[in-house]
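To keep things clear, I will list the structure first and then write my remarks on it.
This is a predicted model, so every value here is computed, not measured.
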Amino acid sequence: QVQLVESGGTTVQAGGSLRLSCAASGTTFRGFSMAWFRQIPGKEREGVAAIVGYDGSTVYADSVKGRFTISKDNAKNILYLQMNSLKPEDTAIYYCAADVLSTWARRLDRSEYNYWGQGTQVTVSS
């Protein structure tokens with residue numbers, strides 16, 4: 001059974017940095033792509049960053065490009081999201097997701113992922 005457990009969410013001042021972690025277990029994750037999504041109450045869950053399982057390529061939402069970095073420790077099955085230059089609009093619940101992609105072009109599409117963590121709250125104060 002696939003399990004994803006996020007950690008690292010907290011309150012940070014605007015301009016600060018934070019690193020989220022997602023510990024994955026329950027399968028070898030061979031070929032799995034992994035991604036970070038975020039959601040604000042009342043809004044759709046949006047893709048933030050993804051790392052493709054079979055080639056290691058990464059993709060970012062325009063809103064975080066140049067500020068966030070996604071990475072993965074394959075030996076430990078841990079996914080990271082390094083977030084720098086945080087802004088109040090980055091405030092959200094951040095979710096880790098994993099699955100084998102059906103379409104490379106939909107790496108940040110939530111419908112591509114069937115495995116989700118419980119989320120971790122990130123609050124950026126101004």
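Counting all heavy atoms, side chain and backbone alike, Arg38 lies closest to Ala92 at CB-CB, 3.8 Å. Contact between Ile78 and Ala23 at its shortest, heavy atoms only, is CG1-CA, 4.4 Å. In plain terms, the two heavy atoms of Ser111 and Arg106 that are nearest each other are OG-NH2, 2.8 Å. Across Ala61 and Gly47, no two heavy atoms sit closer than the pair CB-O, 3.4 Å. Nearest approach of Ala24 to Leu4, heavy atoms of both residues: CB-CD2, 3.6 Å. The minimum heavy-atom distance linking Asp55 with Trp104 is given by the pair OD2-NE1, 4.1 Å.
When side chains are defined from C-beta on, Lys72 counts as touching Asn77, because their heavy atoms get closer than 4.5 Å. With a 4.5 Å cut-off on side-chain heavy atoms, Phe68 and Asn84 do not count as touching. Put simply, the side chain of Glu112 does not reach to within 4.5 Å of the side chain of Val100, judged on heavy atoms. By the 4.5 Å heavy-atom criterion applied to side chains, Asn74 and Phe29 are not counted as neighbours.
Counting only distance, with no hydrogens or angles, the side chain of Thr58 and the backbone of Ile51 share no donor-acceptor pair below 3.5 Å. Tyr113 places no side-chain N or O within donor-acceptor distance of the main-chain N or O of Leu101, the cut-off being under 3.5 Å. Glu6 places a side-chain N or O within 3.5 Å of a backbone atom of Gln118 that can act as its donor or acceptor partner. Side-chain atoms of Asp99 come within 3.5 Å of backbone N or O of Asn114 as a donor-acceptor pair.
Screening residues 72-126 for disulfide bond (SG atoms under 2.5 Å apart) gives Cys22-Cys96 as the qualifying pairs, with residues at least two apart or on separate chains.
Shown are Ile70, Thr10, Thr120; of these, the side-chain contact (heavy atoms from CB on, under 4.5 Å) with Leu20 is made only by Thr120. A side chain to side chain donor-acceptor pair (under 3.5 Å) with Gln39 is found for one member of Glu44, Arg45, Glu46, Arg110 and no other, namely Arg45.
More than 12 non-hydrogen atoms from other residues, nucleotides or ligands lie less than 6.0 angstrom from CD of Gln82. For Tyr115, the OH atom counts as loosely surrounded, since its 6.0 Å shell holds 12 or fewer non-hydrogen atoms of other residues, nucleotides or ligands.
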- Task: Walk me through it: do Ser33 and Arg107 pass the test side chain to side chain donor-acceptor pair (under 3.5 Å)?
- Result: CA-CA 8 Å; Ser33 295; Arg107 296 157 292 170; over 6 Å; no

- Are Leu86 and Leu18 close enough, and set up right, to give a side chain to side chain contact (heavy atoms under 4.5 Å, CB included), and what steps lead you there? CA-CA 8 Å; Leu86 282 161; Leu18 202 57; 3.9 Å; yes

- Check step by step if side chain to side chain contact (heavy atoms under 4.5 Å, CB included) holds for Ser17 and Met83. CA-CA 5 Å; Ser17 297; Met83 305 187 292; over 6 Å; no

- Item | side chain to side chain contact (heavy atoms under 4.5 Å, CB included) evaluation trace for Tyr60 with Leu108 | CA-CA 8 Å; Tyr60 297 90; Leu108 288 180; 5.9 Å; no

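The cluster map of Ile, Leu, Val, Met, Phe, Trp and Tyr, joined by side-chain heavy atoms under 4.5 Å apart, puts Met34 and Trp36 in the same cluster. When hydrophobic clusters are built by joining Ile, Leu, Val, Met, Phe, Trp and Tyr residues whose side-chain heavy atoms come closer than 4.5 Å, directly or via intermediates, Phe37 is not grouped with Leu81. Put simply, Tyr80 and Val122 are part of two different groups of oily side chains (I, L, V, M, F, W, Y) that touch within less than 4.5 Å, one to the next.
With rounding to the nearest 0.5 angstrom, the CD atom of Glu89 is 9.0 Å from the CD1 atom of Ile40. Atom CD of Gln3 sits about 4.5 Å away from atom OG of Ser25, to the nearest 0.5 Å.
Aromatic ring pairs are classed by plane angle as parallel below 30°, tilted from 30° to 60° and perpendicular above 60°; the pair Trp116 and Tyr95 is perpendicular.
Not counting sequence neighbours, Gln13 has no partner by the side chain to side chain donor-acceptor pair (under 3.5 Å) test.
Using a cut-off of 4.0 Å between Lys/Arg side-chain N and Asp/Glu carboxylate O, Lys87 and Asp90 are scored as not salt-bridged.
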